[in-house]
K.L.:
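Structure provided below as structure tokens; questions to follow.
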Protein chains: 2
Amino acid sequence: MAADSQKKATVSSTVEDYLKVVLKIEDMKQRASTSRVARHLDVADATVTDMLRKLKKVGLLEYKPYYGATLTRKGRQMAVRILRRHRLLEMFLHQVLGYGWEQVHQEAERLEHAVSDLFISRIDALLDFPAQDPHGEAIPDARGFRQVEDDLCLSEAEPGSYSVRKVTNSDPEFLAYLDKVGLRPATRLSLQEKAPFQGPLKLLPESGREPVYLGLEASRSIFVLPLKDRPPASAPLPEGRASQGSVGRPGRGAGKE
Amino acid sequence: MAADSQKKATVSSTVEDYLKVVLKIEDMKQRASTSRVARHLDVADATVTDMLRKLKKVGLLEYKPYYGATLTRKGRQMAVRILRRHRLLEMFLHQVLGYGWEQVHQEAERLEHAVSDLFISRIDALLDFPAQDPHGEAIPDARGFRQVEDDLCLSEAEPGSYSVRKVTNSDPEFLAYLDKVGLRPATRLSLQEKAPFQGPLKLLPESGREPVYLGLEASRSIFVLPLKDRPPASAPLPEGRASQGSVGRPGRGAGKE
DNA sequence: CCCTATTTTTAGATCAGTCTAATAAATTTG
DNA sequence: CAAATTTATTAGACTGATCTAAAAATAGGG
Ligand SMILES: [Mn+2]
Ligand SMILES: [Mn+2]
Ligand SMILES: [Mn+2]
Ligand SMILES: [Mn+2]
């Protein structure tokens, strides 16, 4: 009964990347307009117009000309699947093959389209079902459920104590820099002051005694959790069951999608 | 000096597969004719004619119309590189992710084009620089050197004692069957008789007491090493330093390519 | 050496994904 | 609100990889 209701419907890696970008834009509560999608994928606007029409035709998204795209249930499902693969692969590269957190993204961007479901389930088990990737981003589970991300953008934060939750930027240079100054997931830091007029933030990471001055723009890709205020560099994290960047706040209130 | 003599010259995964097939055919001492290449890749002859002309133009092979292709130094180098990737990946899937030897080929066929050089060198080290893949085939080293394969095809062998060196067939069904009857690399066996008129071979693998009757055709993909004749199922292997299917006869007389 | 069968190449098309340049719609602004 | 600016679509073209059908070359058998 209901035999072919779930067709395999395999798509190209190009399509997978389009879906992932639309998901990312939607997650940022923005409109997935032609030009925004084009910028993320580094292709011409005209190319995107075309592709969005095709994706609408195969039911992976809605598309209103002069407005943009919205994922359908099926499109979102596929996008989340790729996101899961991407992040699991990043974690695998980091933990098993010793890649730096600034190296994983590029490789995962290709492998996410090439590995089989078996590969994914094997590395998932090997890593003991990780909940975050090396950048602190949540890994959707095998059913496509995503942890609610209730963190705060550093650019919006008031002076005080925080721990780094995730870094949403894949530029290797930038990540290497953050690593150097001691900013990575689970690092505690105190935000000491924010200069006015789009000025930089003065941070004190718990490691490295030197204060770090971070541009406002850069701070937009760092997300933090407020720490019950205590003298900086002392309070323990909520839990954090393991090694590495795994902050491990378990899926309290994990919601669909 | 001689700065750009080694251009990166990246090719598509399609081209990589063409080169690999031509290499395989040349290794079998056959002529890489249009139709033979087409059969290996499961594409139309016309497609191959076209591609061979393109590959000649970019200097990866020689192509004589109505004759076929011959790899150039550069083409062979690329082909061997992919072969190395393929076999290392197979070994990785088998040893680290627990794939069966009948499952590795298909996955490696895709991943060989997708992983980076870093990935390859990391798994190479993780596996402690393996010399054979799960089917017993030699893994070219990082410089592209290939071990000389001085084994004997079972279809050509006289009755006597042997050990399985490699199985050159990637059909999952067939490999699963061999596994079931206890035929895998490093298995010792006695070839008891060969029925005349293209008849089957009667084999006694050291494991499993039952004799195995193997079609002549099937026996063509099994390669063996003669054992200094001794009562079957007793003689130790030349060495065999490790677990699994790693027969480990080290590169005595490793030759170029 | 001719005729037939096989192999290979040529010709012409298709499909996915991309581009640039031209046009059109939507939005912002004086 | 009309003009200017920005955003998006349309039109036309290209590349890589593939196919089918027709034509041509080669190889074998008498
Ligand atoms: Mn990708
Ligand atoms: Mn990540
Ligand atoms: Mn391949
Ligand atoms: Mn193999």
Side-chain angles (χ1 to χ4, degrees), chain A residues 7-22 25-26 28-71 75 78-79 82 109-110 112-114, chain B residues 8-22 25-26 28 30-71 75 78-79 82 109-110 112-114:
Chain A
K7 295 235 194 56
K8 219 6 16 138
T10 244
V11 300
S12 68
S13 63
T14 306
V15 166
E16 291 180 338
D17 280 338
Y18 274 85
L19 294 175
K20 217 176 44 165
V21 161
V22 174
I25 294 172
E26 290 185 351
M28 294 188 298
K29 316 279 184 222
Q30 293 179 314
R31 180 166 62 93
S33 64
T34 301
S35 57
R36 201 138 32 204
V37 172
R39 243 177 301 121
H40 275 87
L41 288 169
D42 194 33
V43 296
D45 290 9
T47 307
V48 173
T49 300
D50 236 68
M51 182 58 93
L52 293 185
R53 264 209 308 248
K54 280 187 233 167
L55 296 186
K56 178 196 170 93
K57 190 153 24 184
V58 298
L60 293 170
L61 46 76
E62 286 312 314
Y63 168 59
K64 299 274 271 202
Y66 296 99
Y67 175 80
T70 322
L71 291 172
M78 285 186 130
I82 303 301
E109 198 56 60
R110 276 173 291 112
E112 63 190 1
H113 314 291
Chain B
K8 232 331 55 118
T10 245
V11 300
S12 69
S13 62
T14 306
V15 166
E16 291 181 336
D17 280 338
Y18 274 84
L19 294 175
K20 217 176 43 163
V21 161
V22 174
I25 294 172
E26 290 186 351
M28 294 188 299
Q30 293 178 314
R31 181 166 61 95
S33 65
T34 302
S35 58
R36 195 129 46 195
V37 172
R39 243 178 300 121
H40 275 87
L41 288 169
D42 195 31
V43 296
D45 290 8
T47 308
V48 173
T49 300
D50 236 67
M51 181 59 93
L52 293 185
R53 264 209 309 247
K54 280 189 234 165
L55 295 187
K56 179 196 168 96
K57 189 152 26 186
V58 299
L60 293 170
L61 46 76
E62 285 312 315
Y63 167 58
K64 299 275 271 203
Y66 296 100
Y67 175 78
T70 321
L71 291 172
M78 285 185 129
I82 303 302
E109 198 56 59
R110 277 173 290 109
E112 64 190 1
H113 314 290

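Letters A, B, ... are given to chains in the order of the sequence lines, protein chains preceding strands, and every chain is numbered from 1.
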K.L.:
What's the CG-P distance between A:Asp42 and C:dG17, to the nearest Å?
P.N.:
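Interatomic distance, CG of A:Asp42 to P of C:dG17: 17 Å.
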
K.L.:
The side chain of A:Val15 is closest to which nucleotide in this list: C:dT18, C:dG17, D:dT18?
P.N.:
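Shortest atom-to-atom distance from the side chain points to C:dG17.
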
K.L.:
OP1 or OP2 of C:dA16 sitting under 4.0 Å from any side-chain N/O of A:Thr14?
P.N.:
no

K.L.:
So B:Val11 and B:Leu60, do their side chains get closer than 4.5 Å, heavy atoms only?
P.N.:
yes

K.L.:
If I take atom CG in residue B:Leu52 and atom P in nucleotide D:dG16, what distance separates them, rounded to the nearest angstrom?
P.N.:
16 Å

K.L.:
Grab the CG-P distance between B:Asp45 and D:dT18 for me, whole Å please.
P.N.:
13 Å

K.L.:
Rounded to the nearest 0.5 Å, what's the gap from CD on A:Gln30 to CZ on A:Arg36? Could you check?
P.N.:
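Reported value, rounded in 0.5 Å steps: 4.0 Å.
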
K.L.:
Given C:dT18, D:dA8, D:dT18, identify the nucleotide with an atom nearest to the side chain of A:Asp50.
P.N.:
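Of the options given, the side chain of A:Asp50 lies nearest C:dT18.
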
K.L.:
Between D:dA8 and A:Ser35, is there an OP1 or OP2 to side-chain N/O distance shorter than 4.0 Å?
P.N.:
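Yes, within the criterion.
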
K.L.:
Please tell me if the side chains of A:Leu55 and A:Leu19 come closer than 4.5 Å, counting only heavy atoms from C-beta onward.
P.N.:
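When only atoms from C-beta onward are counted, A:Leu19 and A:Leu55 do touch, with a gap below 4.5 Å.
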
K.L.:
Atom OG of A:Ser13 and atom NZ of A:Lys20: how far apart are they, to the nearest 0.5 Å?
P.N.:
10.5 Å

K.L.:
Could you check how far CE of B:Met51 sits from P of D:dC19, rounded to whole Å?
P.N.:
11 Å

K.L.:
Given D:dT18, D:dA17, C:dT8, identify the nucleotide with an atom nearest to the side chain of B:Ser12.
P.N.:
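Side chain of B:Ser12 sits closest to D:dA17.
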
K.L.:
Please report, rounded to the nearest Å, how far the P atom of D:dT7 is from the CD atom of A:Gln30.
P.N.:
13 Å

K.L.:
Both B:Ala46 and B:Lys54 contact DNA chain D. Which one's nearest nucleotide lies toward the 5' end?
P.N.:
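Nearest nucleotide further toward 5': that of B:Lys54.
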
K.L.:
Under 4.0 Å between a side-chain N/O of B:Arg36 and OP1 or OP2 of C:dT7, yes or no?
P.N.:
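So the side-chain polar atoms of B:Arg36 never come under 4.0 Å of the phosphate oxygens OP1 or OP2 of C:dT7.
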
K.L.:
Okay, side chain of B:Glu16, backbone of B:Ile82: is any donor-acceptor separation there less than 3.5 Å?
P.N.:
no

K.L.:
When you get a sec, tell me which of D:dT10, D:dA8, C:dC19 is the closest nucleotide to the side chain of A:Thr47?
P.N.:
C:dC19

K.L.:
So, is A:Tyr18 close to the C:dT18 phosphate, meaning a side-chain N or O under 4.0 Å from OP1 or OP2?
P.N.:
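The answer is yes; a side-chain N or O of A:Tyr18 sits under 4.0 Å from OP1 or OP2.
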
K.L.:
Which is more 5' along DNA chain C, the nucleotide nearest A:Tyr66 or the one nearest A:Ala44? Just name the residue.
P.N.:
A:Ala44

